[in-house]
Structures are given as C-alpha cells and as structure tokens.
Asks: 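Before we start, here is the structure in question, set down as structure tokens.
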Amino acid sequence: MSLRIIDKGAMAAFVSSLMRQYEVVGPQAKDNQFAFGPITNYGQLRLDYNTSVLPPKKYLLPQKEVLFTFRTETNSASAVFDTHPRVILGMHTCDIHALRLLDAVFAKDNPDQHYLKRRAATLIIGIECLTPCDENSFCKSMNTLSASEGFDLHLVDLGQVYAVEVGTSSGQELLNKHAEARAATQDDITLMNKVLSEKWPRFPYKLDFDASELPSLMAVSYKSPVWSELDQRCLACGSCNTTCPTCYCFNVMDDISLDGKTGERIRMWDSCQLDEFARVGSGENFREKRAQRQRHRFFRKGKYIPDMHGELGCVGCGRCARTCLVDITPVGVWNELHKAHAI
C-alpha cells in the first residue's frame, strides 16, 4: 500500500474528472442530515459529514431491484444486471467493514451475480473518521474505527491536504488518471501519524466487554428476560433493519403486466422485525412475538453471522440507535446481557 498526497484545492478537479467516466455518489446535506446521492458538481460533496441516514450499501444492494424480466407466452426470462461504472466517495470505515461482510455473504455458497456484478463495477474511496459521528456511534468498541482493506483509495484529512492510501491497483489507476497527486514526504507521514494517534482518544469505548466475547455471550442469553422487556417496548417498525449497513434480508415478488404476458421479478429490502417476516403459507408465524424477533435480530449480529462468516454482524455505526423511537440500542442490550452474566 502506498501513500499519496492531494491538495484540497485539487479535489474539485479530481472529482470532476471522475464524473466524466463514472457515476460518482457521495454524502450530501439533506435538511439537517446527510444522505448518499449522485454528485453532479463538487459543491454538493460533504466529506465532513457525520453519518448518513441510510448506509451506502444501497448502491450495491438496492432497496428495490429487478432480478429478471420474463414472458409467459414463450416461457423465457432475461436476467437484469447493473454493471454501470460507479465510485462511492466518502465511505466511513464502519461502512467499509460492513461492505467487506456483504462481499463475503453474497460470494459464499450460491454466489449472487446481481450483487457481485454491481460490486465489480464499483470503486470505493473511503475517508477516515477523526471525530465520533455522535453519541450513538460505537465503532471503537466494534473494532471498526480504522480499516486497512476493503477500499480502493482512502482519504485522511491533514488540514490543507488529503493523504491518500492506495488499497488496490484499481485505486492506483484512478489516481494516475484523474488526480494531481504527489508522493508523500516524511513530513506528510509524520503529520498523518500525529493526526491518527490524536483521533484515538476522542472515541470512547461503549461496550463493557470486548466485542470478541459477543458470540459466547449470546450463546448463554437465549432465555434472558431482556427479550421480554424489549417485547414491551419494540414497535416492530423495522427502522433498525432498514438503516443497518449489514442487514441483507430481502423479499421477492413478481410484478406482472395486466395482460399477463410479461413481468418482472423484483427483490426488495425486508425486515425481520416486521410481523409478517416469519409467517408462512399455512398462516403459522415462527417468530410471532416481538421478543422473538428482537432476540433473532441480536443473535444475527452477535452470533449467527460470526459463526457463518467469522465477522461480527454489527459495525457500531449507531444508525439503528438513532432511528429507534423507543431507545432500543445494541450498546444498551449487550451491556445489559453482559451485566446479567458477569461473575
């Protein structure tokens, strides 16, 4: 991995050049919040954002996408793939970790070509978080405060310039073709090390235990009274899932034309917190109670996903905590479970 330097005054030209070859999406101000969206001019880009309402995963796993079209008269179908060249600019390290998990999920067992083709056409430019997003973030506790892989380029704000870590050969080609970047000097490296070391104390630990203990903690918490307490609070709105960068559950439906001759098969985000999620054709619901659904949610993040993929299913972004109307948070739930089982 090499280190380059881009003057902040040259960033507009860099982004403008990218836009001539790629769809560039990045964080933009939306009222008093931020959201990832297409960048049509450099002035829209807000690399100083705290967090986005929805994670940038929406450009790799869209909220709604057509998987294939079909014709009933000929019993034929045609897959629909998105291979549009895209750059996601300004991705925080927690979301980079989340994307690495999704890459593993959709490549395992039965590879999902819709995700993988979109991923292959997408370049990631991350940016280092130097201050906490807000009181809900707990990335330090989840070991996602920094990232050493999962990006093509990664920016670190050094005041007058950005240090640019090159993560892949594609990232290097991006710099060579689109940016006025110089090699980092020893002074640049010293300044970057200073900036990175000074950021660490700004981020508090939020969990009362090491995150590596989560799978074993969840294993002894299946019958915890915490789930019954959450049953009384949860509104089953699904906001926690729909704002999560690592949730990947979906529903599939067919949209058929009025004459019944053509149609589309559509995939869309779904939420395990909704009442109908675990209901089957016979009418039975395997997680009818909200306590069961909350337990499933936290077991997915803290045990099931680590058991399957070797990575925790939560990256500490805090989006679910921000959107929950009744203050159900991963930090609160996991600390309560740890307290109950602490010796």
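Only this structure's heavy atoms are used, side chains among them; waters, hydrogens and symmetry mates stay out. Since we're looking at a predicted model, the values are computed, not measured.
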Asks: In terms of hydrophobic clusters joined by side-chain contacts under 4.5 Å, are V80 and L116 together?
Replies: no

Asks: Any side-chain hydrogen bond (donor to acceptor under 3.5 Å, both in side chains) pairs touching residues 244-257, not counting sequence neighbours?
Replies: T246-K301, Y248-R300, D254-R265, S257-D259, S257-T262

Asks: Flag yes if M268 and V105 sit in one hydrophobic cluster, no otherwise; membership is Ile, Leu, Val, Met, Phe, Trp, Tyr, and two members link when side-chain heavy atoms are under 4.5 Å apart.
Replies: no

Asks: Is there a side-chain contact between R182 and D188 in this structure, where contact means two heavy atoms from C-beta onward sitting under 4.5 Å apart?
Replies: yes

Asks: Looking just at side-chain N and O atoms, do D152 and S170 make a donor-acceptor pair shorter than 3.5 Å?
Replies: no

Asks: Looking only at atom types and distance, does a side-chain atom of S17 sit under 3.5 Å from a main-chain N or O of F14, one as donor and one as acceptor?
Replies: no

Asks: Tell me, do S2 and Q172 make a side-chain contact under 4.5 Å, heavy atoms counted?
Replies: yes

Asks: Start with the C-alpha gap between R119 and I124, add the side-chain angles, then the distance that decides, and say whether side chain to side chain contact (heavy atoms under 4.5 Å, CB included) holds.
Replies: CA-CA 10 Å; R119 180 69 179 91; I124 305 299; 4.0 Å; yes

Asks: Tell me which pairs pass ring-ring contact (aromatic ring centres under 6.0 Å, His included) where either residue lies in residues 32-62, with sequence neighbours left out.
Replies: F36-Y49, Y49-H92

Asks: Roughly how far, to the nearest 0.5 Å, is the CG atom of D157 from the CG atom of L47?
Replies: 8.5 Å

Asks: Taking everything shown except K58 itself, do over 12 heavy atoms lie less than 6.0 Å from its NZ?
Replies: yes

Asks: Decide whether F106 and I266 are clustered together by the hydrophobic rule: side chain heavy atoms of Ile, Leu, Val, Met, Phe, Trp, Tyr closer than 4.5 Å, transitively.
Replies: no

Asks: When Ile, Leu, Val, Met, Phe, Trp and Tyr are grouped by side-chain heavy atoms lying under 4.5 Å apart, directly or through other members, which residues fall in the same group as L230?
Replies: F138, M142, L207, F209, L214, L217, M218, Y222, V226, W227, L235, F298, F299, Y304, L312, L325, V326, I328, V331, V333, W334, L337

Asks: Looking just at side-chain N and O atoms, do Q232 and S228 make a donor-acceptor pair shorter than 3.5 Å?
Replies: no

Asks: Report yes or no: does K199 contribute a side-chain atom to a donor-acceptor pair with the main-chain N or O of P132 at less than 3.5 Å?
Replies: no

Asks: How far apart are the C-alpha atoms of D187 and T190, what are their side-chain angles, what is the distance that settles it, and do they pass the side chain to side chain donor-acceptor pair (under 3.5 Å) test?
Replies: CA-CA 5 Å; D187 287 343; T190 299; 5.3 Å; no

Asks: Could you tell me whether a side-chain N or O of E264 sits under 3.5 Å from a main-chain N or O of F68, the two making a donor and an acceptor?
Replies: no

Asks: Under the rule for side-chain contact (heavy atoms from CB on, under 4.5 Å), what residues qualify as partners of L191, not counting sequence neighbours?
Replies: L158, V195

Asks: If you measure from CG on D103 to CG on L99, what distance do you get to the nearest 0.5 Å?
Replies: 4.5 Å

Asks: Where do V220 and H341 come nearest, in terms of heavy atoms and distance?
Replies: O-CE1, 3.1 Å

Asks: Pick one: which of Q113, H84, E65 meets side-chain hydrogen bond (donor to acceptor under 3.5 Å, both in side chains) with R118?
Replies: E65

Asks: Okay, side chain of R319, backbone of S52: is any donor-acceptor separation there less than 3.5 Å?
Replies: yes

Asks: Does any N or O in the side chain of H97 come within less than 3.5 Å of the main-chain N or O of S146, such that one atom is a donor and the other an acceptor?
Replies: yes

Asks: Let's go through V53 and K30 carefully: what are the C-alpha distance in whole Å and the side-chain angles of both, what is the deciding distance for side chain to side chain contact (heavy atoms under 4.5 Å, CB included) to 0.1 Å, and is it a yes or a no?
Replies: CA-CA 10 Å; V53 178; K30 299 291 184 181; over 6 Å; no

Asks: Run the side chain to side chain contact (heavy atoms under 4.5 Å, CB included) check on Q33 and T51 step by step: do they pass?
Replies: CA-CA 8 Å; Q33 302 181 94; T51 188; over 6 Å; no

Asks: Other members of the hydrophobic cluster containing F286, with the 4.5 Å side-chain heavy-atom rule, please.
Replies: V280

Asks: When rounded to the nearest 0.5 angstrom, what distance separates OG in S224 from CD in E336?
Replies: 7.5 Å

Asks: Should we say atom NZ of K8 is surrounded by more than 12 heavy atoms from elsewhere, each under 6.0 Å from it?
Replies: yes

Asks: Would the number of heavy atoms belonging to other residues, nucleotides or ligands and lying under 6.0 Å from CD of E276 be above 12?
Replies: yes

Asks: Kindly compute the distance separating CG (L130) from CD (E198), expressed to the nearest 0.5 Å.
Replies: 10.0 Å

Asks: Where the side chain of N335 meets the backbone of K206, is there a donor-acceptor pair that is under 3.5 Å apart?
Replies: yes

Asks: Output the distance between atom CD (Q28) and atom CD (Q44), rounded to the nearest 0.5 Å.
Replies: 4.5 Å

Asks: Under the 3.5 angstrom rule, does the side chain of T93 hit a backbone N or O of L145 as a donor-acceptor pair?
Replies: yes

Asks: I125 vs V87, test: side chain to side chain contact (heavy atoms under 4.5 Å, CB included). Steps then yes/no.
Replies: CA-CA 7 Å; I125 302 179; V87 172; 3.8 Å; yes

Asks: Can you see whether Y22 has R86 sitting over its ring - NZ or CZ less than 6.0 Å from the centre and within 45° of the normal?
Replies: no

Asks: Can you tell me if CD on Q63 sees more than 12 non-hydrogen neighbours from other groups inside 6.0 Å?
Replies: yes

Asks: Is D134 salt-bridged to R322, going by a charged N under 4.0 Å from an acidic O?
Replies: yes

Asks: I'd like to know if K339 pairs up with D208 as an ion pair, taking the criterion as any Lys NZ or Arg NE/NH1/NH2 lying under 4.0 Å from an Asp or Glu carboxylate oxygen.
Replies: no

Asks: Got a sec: does the CZ of R71 have more than 12 other heavy atoms crowding it under 6.0 Å?
Replies: no

Asks: Does the pair E149/R100 count as a salt bridge with the N-to-O cut at 4.0 Å?
Replies: yes

Asks: CZ of R295 to OG of S221: how many Å apart, nearest 0.5 Å?
Replies: 11.0 Å

Asks: Between Q294 (side chain) and E229 (backbone), is there a donor-acceptor pair under 3.5 Å?
Replies: no

Asks: Do M11 and L153 share a hydrophobic cluster, counting only Ile, Leu, Val, Met, Phe, Trp and Tyr and linking them when any side-chain heavy atoms are less than 4.5 Å apart?
Replies: yes

Asks: Can you find a side-chain donor-acceptor pair between E284 and S282 that sits under 3.5 Å?
Replies: yes

Asks: Could you list the cluster mates of L274? Members are the ILVMFWY residues connected by side-chain heavy atoms closer than 4.5 Å, either directly or through other members.
Replies: none

Asks: Does any non-hydrogen side-chain atom of T329 lie less than 4.5 Å from one of D327?
Replies: yes

Asks: Look only at the side chain of D7 and the backbone of G9, and say whether a donor-acceptor pair between them is shorter than 3.5 Å.
Replies: no

Asks: Would you kindly confirm whether V164 and V24 end up in one hydrophobic cluster when ILVMFWY residues are joined by side chain heavy atoms under 4.5 Å apart?
Replies: yes

Asks: Distance-only, no hydrogens or angles: does the Q292 side chain make a donor-acceptor pair with backbone N or O of K289 under 3.5 Å?
Replies: yes

Asks: I'd like to know whether CG of N110 has more than 12 heavy-atom contacts from other residues, nucleotides or ligands below 6.0 angstrom.
Replies: no

Asks: How about E288: does its CD atom have over 12 heavy atoms from other parts shown lying under 6.0 Å from it?
Replies: no

Asks: Relative to F203, does K140 satisfy both conditions: NZ or CZ under 6.0 angstrom from the six-membered ring centre, and within 45 degrees of the ring's axis?
Replies: no

